[in-house]
Asker: 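Structure incoming, see below.
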Amino acid sequence: MMKKGRRNLVPIVLSIALLLMMFAAMSFQAIAQSGATATPTPSDDSNGGATEPRDYYADPASSTGDAEWTIEERSFTSNYPNGFQFSARVSSSKGDIENATVMWSHAPRNQGRRAATYDESTGLFTSVYDNSEGTPPWVAVNYRWLLTDTAGNTYRSEWFMGEEYYDDPSQWERFESEDIIVFVEEGLPEDTGQQTLDAMAAQRETYRQAWGDVLSYRPRAILFSNRASFDEWRVGQGNPNVIGQTNAAWGGIVQVVSGGGVIDLAWGTVLHEVGHLYQDEFVPAGLPVATWQNEGNATLFELYQMYDYEQRVRDLAASGQLPALLIGSGPSQNSQGPDGRNRLGYDMGYVFYKWFVEVYGLDAHRQLTEMLGPSVGFNAALEQVTGLTTQEIERRWRTWLGASADAPTPIPIPTMRFPPTVTPFIFPTASN
Ligand SMILES: [Zn+2]
């Protein structure tokens, strides 16, 4: 049964990911320390992994050379759905401004940037982002100015925090807790926001135990009531059937609600998608892995299921049709099972994690995810945590399910992988 597709991961590299890779490639020169500035940090903004997420916006202002810098009349303007812009009057004591750029960030470890242009009539520099990457409303906007003068001095401001890319506020309601910020478009049931807060509170300690901590930022859930307004911001986002996208660069999840009901949305979809945000923050080097591994993992955090996933897999086991999981390539997330139903990777992946945390605990989940990295694959990490061989792990899992202990010949479905260097991940949910 496929009543909706939050778990239909479409492994396409979207333009925003490519642009962010380009930003990463445009290495911002590490700035040498200047005697004029107190302990500037020569950190590299363009390297998403170099700065600890928890300290990400604490990075102080820094400079090279001996100029004194001023940034005045600083402003941020939201032009939703057409993007946003930054303006300021900036100057150096040692020369004219040769280059002014704004770097912005919706969530730790992710940023975009645009050069600013100078307006002689106002004396202001303005940096414009025109929604070329398709940015949803209600993301946080933190930003810093990067300046160079004609004498070659450079300056990088501290992060200016707390702006928001806003849509018409009369159409939206906002709900906040320590776990999440929820934006609910007019037209959704009135308990949508509260249900989402309740679901996130209920999973808080599970997330914390499974990952070692909660997210370093409050994620945002942006919930649209209709397709027309959902499509307003989706420039260059590919698949028109998508009903939701989760992107670590936004620090949030965006969904258009298509009749699945508030309980399913709050206690199923949101918890699942937030699970992907955890994956991105806590396993940046190790994901993406096979799609059953990250979709089954996100499914582990759902408190409402569309149907009984475990029973479906147990039925496969009972009929002697349970495919191999760890041995061989394993199922892709949405492949069809021997029972004729799709979502095989979601369901087998979920049941595998369920078994794993039932036997070894949520702490073992944390150990497993901490271990994953470029040089340690999923099975190797599993072997280290359990002290068992992959074959033995598969055997025990199958036995727990009531299947024959020996896995059948691995199914010949190639594992779907993302290019290993792409970050952040975008997890679209499709309605096809
Ligand atoms: Zn997912």
Side-chain angles (χ1 to χ4, degrees), residues 1-14 16-17 136 180 196 199-200 203 206-207 210-211 215 219-223 237-239 241-258 260 264-284 286-307 309-310 312-313 330-335 341-354 365 369 372 378 415-418 422-432:
M1 163 181 174
M2 267 296 300
K3 76 180 178 193
K4 67 178 178 50
R6 66 173 172 266
R7 293 119 197 145
N8 293 352
L9 187 147
V10 181
I12 50 177
V13 179
L14 297 174
I16 190 164
I180 195 165
T196 305
M200 285 293 292
Q203 275 302 54
T206 301
Y207 284 128
W211 298 99
L215 290 169
R220 292 167 180 241
I222 300 138
L223 309 176
Q237 298 284 318
N239 188 344
N241 294 321
V242 159
I243 58 169
Q245 281 175 257
T246 294
N247 187 338
W250 303 332
I253 74 174
V254 187
Q255 295 284 323
V256 58
V257 180
S258 54
D264 178 62
L265 173 70
W267 297 80
T269 305
V270 169
L271 297 179
H272 174 107
E273 299 300 327
V274 169
H276 284 311
L277 295 177
Y278 274 87
Q279 291 171 354
D280 187 86
E281 177 162 329
F282 289 88
V283 202
L287 286 176
V289 287
T291 56
W292 74 258
Q293 290 162 13
N294 57 39
E295 290 303 338
N297 181 268
T299 304
L300 181 67
F301 298 96
E302 297 176 17
L303 289 173
Y304 175 89
Q305 302 188 340
M306 294 186 290
Y307 54 88
Y309 310 145
E310 182 176 341
R312 187 259 177 118
V313 176
S332 67
Q333 91 277 16
N334 209 28
S335 60
R341 298 162 61 179
N342 62 10
R343 288 176 39 85
L344 183 64
Y346 282 96
D347 293 347
M348 286 179 65
Y350 160 72
V351 176
F352 179 79
Y353 283 104
K354 184 180 179 195
H365 177 280
T369 53
L372 290 171
F378 190 78
T415 301
M416 297 167 76
R417 289 183 189 277
F418 292 93
V422 174
T423 185
F425 310 112
I426 297 177
F427 295 91
T429 47
S431 63
N432 53 1

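Both ligands and their constituent atoms are indexed starting at 1 by order of listing. Heavy-atom basis, side chains included; hydrogens, waters and symmetry copies ignored. Predicted model, so just to flag it, every value in this text is computed and none were measured.
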Asker: Mind checking the OG1-CD1 spacing from Thr269 to Ile253? Nearest 0.5 Å is all I need.
Answerer: 7.5 Å

Asker: With the Zn ion (ligand 1) as the reference point, give the N/O/S atom of Glu295 that is nearest.
Answerer: OE1

Asker: Students often mix this up, so state it plainly: with edges at 30° and 60°, are the rings of His276 and His272 parallel, tilted or perpendicular?
Answerer: perpendicular

Asker: Closer than 2.8 Å to the Zn ion (ligand 1): does that hold for any N, O or S atom in Glu273?
Answerer: no

Asker: Do the rings of Phe301 and Tyr207 sit parallel, tilted or perpendicular, given the 30° and 60° boundaries?
Answerer: parallel

Asker: Out of the N/O/S atoms in His272, what is the name of the one closest to the Zn ion (ligand 1)?
Answerer: NE2

Asker: Checking one value in my table: which N/O/S atom of His276 lies closest to the Zn ion (ligand 1)?
Answerer: NE2

Asker: So, do Tyr350 and Phe352 have ring centers that fall under 6.0 Å from each other?
Answerer: no

